Amino acid sequence: MNSLFKEKNIIMKLVSALLSGVLFSLFVSCANMGAGPQGGPKDMMPPSYVKSQPARSQVKVRPERVEIVFDEYVEMRDGQNVVVSPPFDVQPDIKAVGKKVIVDFKDTLKSNTTYVIDFANSIVDYREGNPLRNYYFEFSTGNEIDSFTIAGNVVDAQTLVPMEGVLVGAYTEWTDTTFTGKVLEHVAKTDANGRFLLRGLKERPYRIVALEDGNSNFKYDCPGEYYGLLDTVVTPHKRMVERCDTTFRQVNRDSLLGKDNIDTTVDTLVIDTVKCRMSPCYYPDSLELVVSQRYMPVQEFVKGERKSDYLFTLYFNNSEPKLPSLKLLEQNSDSVWYVLEASVTTDTLTYYLTDSMLVNNDTLSLEMTYDAIMDSTEEMKPQTDTLTLVYKRPKKSKKEADVPKLKVDMSGAVEIAKKPVVKFDKPVSDFEPSMLLVYAKDDTTRKAIPFTVSAKEGKKEFIMDGNWESGKSYVVKADSGVIHNIYGHPNDSLNLRFRMKTVDEYSNFKLTLENRPSGTLFMELIQNDKVEYRTKLDAGQTVVVFKNLKPGTYAVSLWKDENANDKWDSGDFKLGHKPEEVWFYHKAMTMNAGWDYDEVWSVGDRPKYKQRPSSTYTSKRKK
């Protein structure tokens, strides 16, 4: 009886264990549902070179095609970054096919020349897109590979932002016409950090240039292209440097301490061997080139458009120092028929029509005469264009008001040392201080505060000049229908507010200059690629103070005004002028409200490409 009971008990335990195992496996299976088959770790390795025809670094070859084989399928990404040096008149055809990268030459190869195909990061594996970084292929039509290199960085001359995608070239001979008339003899392209590496050079003198090659002909022949020249002749050279590789081995920590009771855990690394060898280092490796556009008073008309019945806009590609003259065609209008609103840079001109006949006419025909560069002599000559501007009227909604209203606005917070501004959406014909009632917000008696107004150009904005108190808020009221724009549209009743900011909402910044450059200097605080504050330094001034700065992060620049025209000037290759020199403080200055900042700047204490903090510009300057 007992034996039977024991057998049943054993059977029940086995069944229970079996059921538990089944339930556990089901639980695990359910927990992993959706995960699917696991394919192992993600491939993070770039393609690897297997072989090529011709062989890499082979000499005495003149191939019509180069085929490079890799260990996996590849594709070309950003193929425009591939550079062949020396450049050809007819560029080679470069493509990826399966596991190969194929380069077909369309032009004759030179004798006794080392050719370098710099792929940069353009070769990637097909599945994951892992790039083969900084890859290049070389061969020589002569008896040896020219192995010397020159490296450095390229920055924008005014902003010191790294220039990506700029060609850097070398010439063995130099005259006044070399840069504009002769193709670059050797060439490389800057990467995302503005870094370049010229390969395939001999140990001989070179003139180094930088070029934003807009028309892809490897020479400077377009006035709008960015360019830079290195004044000195550079001879590449090498120096043998001892390089040491260290290998390590793992040992038990207790054994190092001389303990008898040795723990079996291995947890300490010690030097095993140090192997040293002599390796070549190539110089120069830190050249600096600054690039700028040659200033030319080029003026071109871009387009004209009429977005509304009451205005039209003319767009130019550059600032318009001399405003164009306009003459109506077909319509007769002897009086002034527009109010002009020009942008700050005067490259955008908006004309508000004042003649109701013109407003009601859907088509405007006019003749525009402006100064432009017409030929290679670079002389300003008058250009006359005939414009036809058409406005397509939308269908009116039943709910649309019969009489449009004049819209009025003003900034809610007024910066210190500024004055409140009333802004209208269209030019106004009648606006006087008596039309507004202005009183302090905390004044329950609504005592009127006297003020005057002065119109900005275009009569859309009016500056209110009064005895405004710091930190106080004000209310601006007006009855409806007291103000009209040039089309007779009245205002609705106004209830606007503005507040005068206090000094506690700003920062103060003191900067002491060491190694102050000589000459006339300007200092600027730049935010979001815009100059927010500028000051001119007195002769010999070494301490600069900015007061009442708006909170935010600023880049600090200093530049030399060589020609004393109070503006930064770019280089001019034709006249032999260099761009005016610029320096940046290496710190990004983050200003917090109510704080004072005191810094010391040793001007020029680091290379140009290391001066400007990367956090102070939105992106690297691309061509």
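These figures come from a predicted structure and were not determined experimentally.
Panel note: side chain T190, backbone G165; a donor-acceptor pair is recorded below 3.5 Å.
Listed here is the closest heavy atom pair of V582 and A157: CG2-O, 3.4 Å.
Note on K587 versus E599: salt bridge recorded, some NZ/NE/NH1/NH2 to OD/OE distance being below 4.0 Å. A salt bridge between K219 and D213 is absent, with no side-chain N of the basic residue lying under 4.0 Å from a carboxylate O of the acidic one. Taking 4.0 Å as the cut-off between side-chain N and carboxylate O, K275 and D245 do not count as a salt-bridged pair. Salt-bridge check for R77 with E75: passed, with a basic side-chain N closer than 4.0 Å to an acidic carboxylate O. A salt bridge links K578 with D231: at least one charged nitrogen is closer than 4.0 Å to a carboxylate oxygen. In this structure, E288 does not pair ionically with K608, as no charged nitrogen and carboxylate oxygen lie closer than 4.0 Å. The pair D566-K536 counts as a salt bridge, with a side-chain nitrogen and a carboxylate oxygen less than 4.0 angstrom apart. E185 has no carboxylate O lying under 4.0 Å from a charged side-chain N of R207, or vice versa, which leaves the two without a salt bridge.
A donor and an acceptor atom, one from each side chain of S614 and Y617, are nowhere located under 3.5 Å apart. Between the side chains of T141 and S111, not a single donor N or O lies within less than 3.5 Å of an accepting N or O. For the residue pair S602 and N515, a side-chain donor N or O sits within less than 3.5 Å of a side-chain acceptor on the partner.
Y115 and F88 have their aromatic ring centers within a separation under 6.0 angstrom. Aromatic ring centres of F119 and F137 lie farther apart than the 6.0 Å criterion allows. Ring centroids of F573 and Y220 are separated by less than 6.0 Å, placing the two rings close together. Taking the six-membered ring for Trp, Y597 and F509 have ring centres at least 6.0 Å apart.
The cationic atom of R56 (NZ for Lys, CZ for Arg) does not lie both less than 6.0 Å from the six-membered ring centre of F139 and within 45° of the ring axis. The cationic atom of K99 (NZ for Lys, CZ for Arg) lies less than 6.0 Å from the six-membered ring centre of Y73 and within 45° of the ring axis.
Legend: salt bridge (charged side-chain N to carboxylate O under 4.0 Å, His left out) pairs involving residues 58-68, not counting sequence neighbours, sorted by first then second residue: R65-E67, R65-D104, E67-K100.
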Trace of the side-chain hydrogen bond (donor to acceptor under 3.5 Å, both in side chains) decision for N121 with D78: CA-CA 8 Å; N121 302 328; D78 298 326; over 6 Å; no

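Within a 6.0 Å radius of CZ in R127, no more than 12 heavy atoms belonging to other residues, nucleotides or ligands are found.
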